[in-house]
Amino acid sequence: MKDLRHLGLGFFCSTSDNRITTNRKFKLSNLTLSKFLNVFYQNLSDFVVLLEISKRMNLSIFRLGSNMVPFASHSNLDKSWLKMIEKDLKSASEAIRKYGVRITMHPGQHVILSSPRKEVLDASLRELEYHFWLLDCLGVGNDGVVVVHVGGVYGDKKEALKRFIFVVRESSWLKERLAIENDERFYNLEDVLWLCERLNLPVVFDYYHHTINPSDFDSKMVLSSWDGRIPEFHLSSFPTVSKKFNEHGDWIEIEDVLSLENLFKGERIDVILEAKKKEKAIERLIELAQDNGVVLSARSLMKG
DNA sequence: GCAGGTCAAGTCTAC
DNA sequence: GTAGACTTGACCTGC
C-alpha cells in the first residue's frame, strides 16, 4: 500500500446537499437586526456541525464560508451588531479546539488588492478586515490564513503586481493572515512565487489552476514560503462530463491526488478538495484510493 | 408549492 | 451586449 497519510484533507462551506452550511444569506434590502442574527446563528450552529463531520471523517482542514456573518463589511450594517455576536464566536472557538480542525477562509472575487480603483481597494480591505476579525474571534492561530488571488491585469501586469505589493506594505496587518493563490487565467505559480517572495507571504498551490495555467516552479520555494506552518493547497478535478474549461468537477480523481503527491513527495500538506460533491467526493476518493492501493488520511472514517 | 427573477461587490472571456 | 466563471445556488415574490 502507498501511504499518503501526510496529506490532510478537507472540504468547504457546506455539505454536498447544502443543508448544513456556513453560507446562508439574504437580500441586502431585507437587512434588519433580527434577520442578521437569525441567519448568523444558523450559520454558526451549522459550522459546529461541519466541524463534527470533519472530525468524524478524520479531516484536517475546513474552509469557512465568507457569508458566515452576513454583510459584515457592508456600510449598511450597524457595526455594533458585530460586537453583539463576538462572545458567541468566542464560544465557537472551544468547538474548534475540541475537534482540532484547521480553519481557513477564501473571500470572493470582489477582493482585489491590485485594483487601480480606490473604491474597489477600500472595499477589499474592509472585507479582509472582517475575515481577519472573524478568525481572531474564533481563536484561530496563525495557520488560519485568508487566501486571495492577485486580481486583474488591467492591461499591465507589472503595474498591477506593483500596486499589490504597495498595498500590502502600506497595510502591514495583512501579513498576519494573507496567503496568495495561483489562478487559472492571469497569475500562474511563477508569478505568485515572485510576489510572495517580495512580501514574505505563503503561496497556496492550486493544482487545478496550475494544470490550466502552468509554469515552472521550485516546489521547495512553495513549501518554504509557509515558514514552518503546514501549507494549504487546493485540489480539484476536471468535470467527468465536459462543461466549461475552468469549471470544477463533482468529484476528485485519484490520479490528481497522485500527481500532486508527485510534485511534493512526502510533505505534510493540508489539501482542500474543491469538488462540488464536497464530503461525498472525499468518501468516494477514499474508496478509489483503497482500490488503487493507496491509504489516505481520512481512511479511518470508512471503518466507522 | 412551485417557477422564475434576483441577488453587495470586480474583472475578464466566450459567445 | 450579456452570461458565466470564480469560494457557493439560495432567497424572495408572485401566482
Side-chain angles (χ1 to χ4, degrees), chain A residues 10-32 35-36 38-39 42-43 46-47 50 61-77 103-131 134-135 145-157 159-161 163-164 167 179-187 204 206 208-209 212-213 232-236 238-239 242-250 271-279 281:
Chain A
F11 62 107
F12 58 99
C13 297
S14 66
T15 51
S16 54
D17 59 8
N18 280 309
R19 285 192 195 161
I20 307 169
T21 177
T22 60
N23 251 1
R24 278 185 197 80
K25 57 186 178 184
F26 54 88
K27 290 185 182 176
L28 181 60
S29 57
N30 292 329
L31 178 59
T32 59
K35 184 83 182 172
F36 168 81
N38 184 34
V39 169
Q42 285 185 75
N43 284 341
D46 275 5
F47 174 47
L50 288 159
I61 186 166
F62 179 75
R63 179 192 299 161
L64 180 56
S66 289
N67 288 341
M68 174 83 164
V69 182
F71 299 108
S73 72
H74 196 278
S75 56
N76 287 13
L77 189 110
I103 304 301
T104 65
M105 296 185 81
H106 192 2
Q109 67 276 26
H110 308 290
V111 171
I112 304 170
L113 297 178
S114 61
S115 177
R117 294 170 53 197
K118 186 176 184 309
E119 64 272 24
V120 173
L121 177 61
D122 289 347
S124 300
L125 289 170
R126 279 202 305 277
E127 182 71 353
L128 287 172
E129 226 172 335
Y130 149 61
H131 282 77
L134 180 55
L135 291 171
V145 290
V146 175
V147 182
V148 298
H149 292 288
V150 184
V153 169
Y154 313 93
D156 190 335
K157 200 167 172 178
E159 281 303 310
L161 285 165
R163 280 195 298 275
F164 194 108
V167 167
I180 310 177
E181 177 187 344
N182 58 307
D183 66 71
E184 77 280 30
R185 293 184 295 174
F186 315 121
Y187 295 95
V204 175
D206 187 303
Y208 186 69
H209 293 160
I212 297 171
N213 185 15
E232 170 184 337
F233 287 1
H234 299 165
L235 179 71
S236 51
F238 283 90
S242 179
K243 298 175 189 168
K244 302 275 187 240
F245 91 102
N246 59 350
E247 199 174 331
H248 289 172
D250 286 343
V271 185
I272 294 204
L273 299 171
E274 294 180 331
K276 292 187 175 178
K277 295 290 184 187
K278 311 280 177 76
E279 81 289 0

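Chain A is the first sequence line, chain B the second, and so forth, proteins listed ahead of strands; every chain is numbered from 1.
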DNA chain B: stems of at least 3 consecutive Watson-Crick or G-U pairs whose donor-acceptor distances fall under 3.5 Å: B:1-7 with C:9-15, B:10-15 with C:1-6

Please measure how far the [atom1] atom in [N] lies from the corresponding atom in [M], and state the result in whole Å.
N: C:dT2; M: B:dG5; atom1: P; answer: 16 Å
N: C:dG4; M: B:dG4; atom1: P; answer: 15 Å
N: C:dC11; M: B:dA8; atom1: C1'; answer: 15 Å
N: C:dT8; M: C:dT13; atom1: C1'; answer: 22 Å
N: C:dA3; M: B:dC7; atom1: C1'; answer: 15 Å

Rounding to an integer number of Å, can you tell me how far [X] [atom1] sits from [N] [atom2]?
X: A:E274; N: C:dA5; atom1: CD; atom2: C1'; answer: 14 Å
X: A:L128; N: B:dG10; atom1: CG; atom2: C1'; answer: 14 Å
X: A:R63; N: C:dC6; atom1: CZ; atom2: P; answer: 12 Å
X: A:I20; N: C:dT8; atom1: CD1; atom2: P; answer: 18 Å
X: A:L50; N: C:dT8; atom1: CG; atom2: P; answer: 15 Å
X: A:R19; N: C:dA10; atom1: CZ; atom2: P; answer: 11 Å
X: A:N23; N: C:dA10; atom1: CG; atom2: P; answer: 10 Å
X: A:I212; N: B:dT13; atom1: CD1; atom2: C1'; answer: 13 Å

Touch class at under 4.0 angstrom, heavy-atom based, for A:K278 against every strand present: nothing

Sugar-phosphate, base or nothing in reach of A:N30, heavy atoms under 4.0 Å: sugar-phosphate

Atom NZ of A:K277 with >12 non-hydrogen neighbours under 6.0 angstrom: no

Centroid separation A:F12 to A:F62 less than 6.0 Å: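 Aromatic pair excluded; centres sit 6.0 Å or further apart.
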
Sub-6.0 Å ring centroid separation between A:F26 and A:F71: yes

Check: A:L77 and A:V69 side chains under 4.5 Å, non-hydrogen atoms: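 No, every pair of side-chain atoms sits at 4.5 Å or beyond.
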
Side chain proximity check, A:S114 to A:Y154, heavy atoms < 4.5 angstrom: yes

Nearest-nucleotide comparison on DNA chain C, the residue closer to the 5′ end among A:E181 and A:K35: A:E181

Under 3.5 Å side-chain donor-acceptor pair for A:T15 and A:E279: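 The answer is no; no qualifying pair exists.
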
A:R63 and A:H234: side chain donor to acceptor below 3.5 Å: yes

Shortest side-chain distance from A:F186, nucleotide among B:dT11, B:dC12, C:dG9: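 Among the listed nucleotides, the one closest to the side chain of A:F186 is B:dC12.
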
Pairs under 3.5 angstrom, nitrogen or oxygen only, protein versus nucleotides 5-9 of chain B, please.
{"unit_1": "B:dA8", "atom_1": "OP1", "unit_2": "A:L28", "atom_2": "N", "d": "2.2"}
{"unit_1": "B:dA8", "atom_1": "N1", "unit_2": "A:S73", "atom_2": "OG", "d": "3.3"}
{"unit_1": "B:dA9", "atom_1": "N7", "unit_2": "A:H110", "atom_2": "NE2", "d": "3.3"}

Under 3.5 Å: donor-acceptor pair, side chain of A:N23, backbone of A:N67: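 The answer is yes, because a donor-acceptor pair under 3.5 Å joins these two groups.
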
Main-chain N/O of A:G65 paired with A:T22 side-chain donor or acceptor, under 3.5 Å: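 A pair under 3.5 Å: yes.
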
Nearest atoms (heavy-atom pairs only) where A:G151 meets A:Y187: O-CE1, 3.2 Å

B:dG10 OP1/OP2 closer than 4.0 Å to side-chain N/O of A:R117: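 Answer yes for this pair, as a side-chain N or O of A:R117 is under 4.0 Å from OP1 or OP2.
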
